[in-house]
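Comments concern the structure below.
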Amino acid sequence: MKYFLKGAAAVAIVMFILMLIHIIFNMMGIDLNKYINNAVEILLASSFATIIYHVLIRKEKAE
């Protein structure tokens, strides 16, 4: 259960950052959907979430 919660936390962190990026660019009048394909954004987000997850579980792997 601990791993699930840490994975959910990693996804929440990445989604929060992505939402902030989109809000900031929308306020500046730039539509990111023109420049970044959704598939590319999903791949980048999942990669960052995986990295954050591995950082969160690093201590438990050492034990």
Side-chain angles (χ1 to χ4, degrees):
M1 188 66 169
K2 289 189 291 186
Y3 290 117
F4 176 76
L5 292 176
K6 288 182 181 184
V11 170
I13 291 168
V14 170
M15 292 302 295
F16 180 74
I17 292 170
L18 285 175
M19 285 178 14
L20 281 178
I21 291 170
H22 278 274
I23 288 171
I24 290 169
F25 276 91
N26 281 337
M27 288 174 62
M28 293 189 317
I30 300 171
D31 186 19
L32 288 179
N33 292 331
K34 291 180 184 177
Y35 304 108
I36 299 177
N37 191 0
N38 286 338
V40 173
E41 186 176 358
I42 291 168
L43 288 173
L44 289 173
S46 62
S47 298
F48 288 135
T50 303
I51 291 169
I52 292 171
Y53 174 73
H54 283 288
V55 167
L56 289 174
I57 66 167
R58 186 181 329 162
K59 285 185 186 177
E60 295 178 10
K61 279 187 174 181
E63 293 177 356

- Query: Quick one: CD1 on Ile51 to OG on Ser46, what's the gap to the nearest 0.5 Å?
  - Reply: 9.5 Å
- Message: Can you tell me how far apart CG (Leu18) and CD1 (Ile42) are? Round to the nearest 0.5 Å.
- Response: 10.0 Å
- Say you draw a straight line from CD1 of Ile17 to CE of Met19; how long is it, rounded to the nearest 0.5 Å? 11.0 Å
- Count the heavy atoms of every other residue, nucleotide or ligand shown that sit under 6.0 Å from CE of Met27, and state whether that count exceeds 12. no
- Are the side chains of Glu41 and His22 in touch, meaning some heavy atoms are under 4.5 Å apart? yes
- Shortest non-hydrogen contact from Ala45 toward Val14: O-CG1, 3.6 Å
- Query: If you group Ile, Leu, Val, Met, Phe, Trp and Tyr by side-chain heavy-atom gaps below 4.5 Å, do Ile21 and Met28 land in one group?
  - Reply: yes
- State the CD1-NZ distance between Ile57 and Lys2, to the nearest 0.5 angstrom. 11.0 Å
- Linked, directly or transitively: Phe48 and Phe25 (ILVMFWY side chains, under 4.5 Å): yes
- Task: Quick one: pull up CG in Leu56 and OH in Tyr3 and give me the separation to the nearest 0.5 Å.
- Result: 11.5 Å
- Return the minimal non-hydrogen interatomic distance between Ala10 and Ala49, and the atom names on each side. CB-O, 3.5 Å
